[in-house]
Novice: 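This structure is in structure tokens; I'll ask about it shortly.
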Amino acid sequence: MRRLFPSPLTPAESEDRTWDLEELADAYAYPGTPGGGPAVAAEEGRPGGVWLRANMVSSLDGAAHHEGRSQPLSSDADMRIFGTLRALADAVVVGAETVRQEGYRPARAREAFAARRAALGQGPAPAIAIVSAGLDLDFSLPLFTGPLVPTLVLTGSDAPADRVDAARAAGAEVIVAGEGRRVDPRRVPEVLAERGLTRLLTEGGPRLLGEFAAAEVLDELCLSLAPLVASGTSPRIVSGPSVAVPERFALASVLEEAGFLFTRYRRA
């Protein structure tokens with residue numbers, strides 16, 4: 001792996017080698033934390049210092065996944081960055097359909113990041129926060145019955161009562177983040193920040209990411225561009241309501257390994 005942008009700070013960053021986890025953690029640190037640049041409040045004035053980052057992978061022709069899963073587009077370096085981004089977050093926000101398709105499991109504690117998380121006052125692992133209006137989820141899965149940190153389920157105020165009861169019986173914390181049967185994407189960062197979860201990472205899917213983009217609450221996009229052509233009918237990484245004016249993001253960094261480009265864009 002080597003840094004292409006901004007200019008390498010040290011000769012080591014320009015060498016084509018495997019970066020260790022500490023280097024990746026510094027490269028992807030959240031704003032306001034060591035290595036992460038200026039405080040969020042100085043950059044965006046976001047209430048409570050919340051920062052919502054997305055991590056997605058795309059093929060050269062714009063596919064967000066292949067045959068329903070993102071793994072065929074990934075690489076060893078992409079998975080190292082994936083694990084690092086998770087280890088830096090307070091909570092991983094994900095849509096219910098992605099939970100079902102990708103077979104989500106609880107986030108695990110990783111010794112390599114334990115000291116860093118403790119210094120920032122974080123728990124041993126990020127919470128998984130699932131956005132689901134209908135709560136059509138299998139609450140017998142380890143994601144609900146055996147997480148290190150209780151799984152959060154964000155839903156609307158009129159979510160099916162029996163499904164709410166089932167989620168709570170499985171050990172999940174149910175959080176209202178919208179009126180009626182709808183989850184308000186603007187409320188998602190707010191309700192998580194109220195619980196002290198301000199460093200947020202969303203892994204999609206495309207529809208949830210589209211809702212965050214349309215609601216103008218997405219602060220950063222970490223996009224892995226795979227040197228692959230997938231063809232087919234896979235959606236883009238963002239799929240959802242149109243925005244009146246496309247929102248501009250500024251390029252923050254580019255890393256490269258084995259032809260994969262690991263880009264990082266922040267709200268301009």
Side-chain angles (χ1 to χ4, degrees), residues 1-3 6 8-13 17-55 76-94 104-130 143 146-152 154 173 175 188-203 217-222 224 252-255 257 262-267:
M1 180 172 288
R2 59 199 175 108
R3 183 186 295 278
L9 300 176
T10 66
E13 287 190 344
R17 60 183 177 82
T18 300
W19 287 27
D20 62 34
L21 294 179
E22 195 68 24
E23 290 175 297
L24 286 177
D26 287 342
Y28 284 94
Y30 279 81
T33 60
V40 171
E43 291 193 14
E44 295 292 338
R46 300 271 291 164
V50 65
W51 187 264
L52 177 60
R53 149 191 292 170
N55 181 37
D76 289 344
D78 183 51
M79 292 309 298
R80 291 199 306 274
I81 291 173
F82 173 89
T84 299
L85 293 179
R86 277 198 164 198
L88 297 176
D90 295 333
V92 177
V93 186
V94 63
Y104 262 58
R105 298 184 64 83
R108 58 188 178 92
R110 301 183 62 184
E111 183 61 32
F113 298 97
R116 183 182 290 260
R117 291 186 65 87
L120 293 174
Q122 295 174 301
I128 303 295
I130 304 169
L143 179 59
L148 187 62
V149 178
T151 294
L152 310 176
L154 282 64
E173 180 182 354
I175 302 171
V188 171
E190 294 175 3
V191 298
L192 292 174
E194 289 168 0
R195 287 159 175 76
L197 307 174
T198 58
R199 304 175 188 94
L200 306 179
L201 169 67
T202 180
E203 296 170 351
V217 295
L218 182 65
D219 298 299
E220 181 179 321
L221 173 61
C222 298
S224 299
S253 67
V254 182
L255 306 176
E257 182 172 309
F262 303 101
T263 68
R264 187 180 182 191
Y265 289 85
R266 287 183 174 178
R267 183 196 297 265

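A quick note: this is a predicted structure, and the numbers were derived from the prediction, not measured.
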Novice: Yes or no on side chain to side chain contact (heavy atoms under 4.5 Å, CB included) for Ile130 and Tyr104, after CA distance, side-chain angles and deciding distance?
Specialist: CA-CA 10 Å; Ile130 304 169; Tyr104 262 58; over 6 Å; no
Novice: Answer yes or no: are there more than 12 heavy-atom neighbours, outside Arg17 itself, under 6.0 Å from its atom CZ?
Specialist: yes
Novice: For Val93, does its backbone N or O pair with a side-chain atom of Thr202 as donor and acceptor, under 3.5 Å?
Specialist: yes
Novice: Considering residues at least two apart in sequence or located in another chain, which fulfil the side chain to side chain contact (heavy atoms under 4.5 Å, CB included) criterion with Ala114?
Specialist: Glu111
Novice: Do Leu200 and Pro189 have side-chain heavy atoms sitting under 4.5 Å apart?
Specialist: yes
Novice: Salt bridge (Lys or Arg N to Asp or Glu O under 4.0 Å) with Arg108: which residues, sequence neighbours excluded?
Specialist: none
Novice: Are any of the side-chain heavy atoms of Leu152 and Leu192 separated by less than 4.5 Å?
Specialist: yes
Novice: Pro6 and Ala252: which non-hydrogen atoms are nearest, and at how many Å?
Specialist: CD-O, 3.4 Å
Novice: Checking Arg86 side chain against Pro126 main chain: does a donor-acceptor pair fall under 3.5 Å?
Specialist: no
Novice: By salt bridge (Lys or Arg N to Asp or Glu O under 4.0 Å), which residues pair with Arg2, not counting sequence neighbours?
Specialist: Glu256
Novice: Between Thr198 and Gly49, what is the shortest heavy-atom contact and its length?
Specialist: CB-O, 3.9 Å
Novice: Show your reasoning for whether side chain to side chain contact (heavy atoms under 4.5 Å, CB included) applies to Arg264 and Ile81.
Specialist: CA-CA 12 Å; Arg264 187 180 182 191; Ile81 291 173; over 6 Å; no
Novice: For Pro31 and Arg266, which heavy atoms make the closest approach, and how far apart are they?
Specialist: CG-NH2, 3.6 Å
Novice: Do you know which of Tyr28, Trp51, Tyr30, Tyr265 makes side-chain hydrogen bond (donor to acceptor under 3.5 Å, both in side chains) with Glu220?
Specialist: Trp51
Novice: Quick one: list whatever passes side chain to side chain contact (heavy atoms under 4.5 Å, CB included) with Thr10, sequence neighbours left out.
Specialist: Ala12, Glu13
Novice: For Gln122, check side chain to side chain contact (heavy atoms under 4.5 Å, CB included) against everything at least two apart and list the hits.
Specialist: Asp90, Arg117, Leu120, Arg199
Novice: Pair Leu85, Cys222 - check side chain to side chain contact (heavy atoms under 4.5 Å, CB included), show working.
Specialist: CA-CA 9 Å; Leu85 293 179; Cys222 298; 4.2 Å; yes
Novice: Compare every heavy atom of Ala125 with every heavy atom of Ala107, then report the nearest pair and how far apart it is.
Specialist: O-CB, 3.9 Å
Novice: Hey, are the side chains of Arg105 and Leu143 touching, using non-hydrogen atoms and a 4.5 Å cut-off?
Specialist: no
Novice: Are Thr18 and Arg80 close enough that some pair of their side-chain heavy atoms sits under 4.5 Å apart?
Specialist: yes
Novice: Please identify each residue that fulfils side chain to side chain contact (heavy atoms under 4.5 Å, CB included) with Glu190, with sequence neighbours left out.
Specialist: Arg187
Novice: Is any side-chain heavy atom of Leu88 closer than 4.5 Å to a side-chain heavy atom of Arg116?
Specialist: yes
Novice: Identify the heavy atoms of Leu218 and Leu52 that sit nearest to each other, and give their distance.
Specialist: CD1-O, 3.8 Å
Novice: Considering non-hydrogen atoms only, spot the tightest contact between Ala54 and Leu201 and give its length.
Specialist: C-CD1, 4.3 Å
Novice: Going from CD on Glu22 to OG1 on Thr84, what distance comes out if it is rounded to the nearest 0.5 angstrom?
Specialist: 10.0 Å
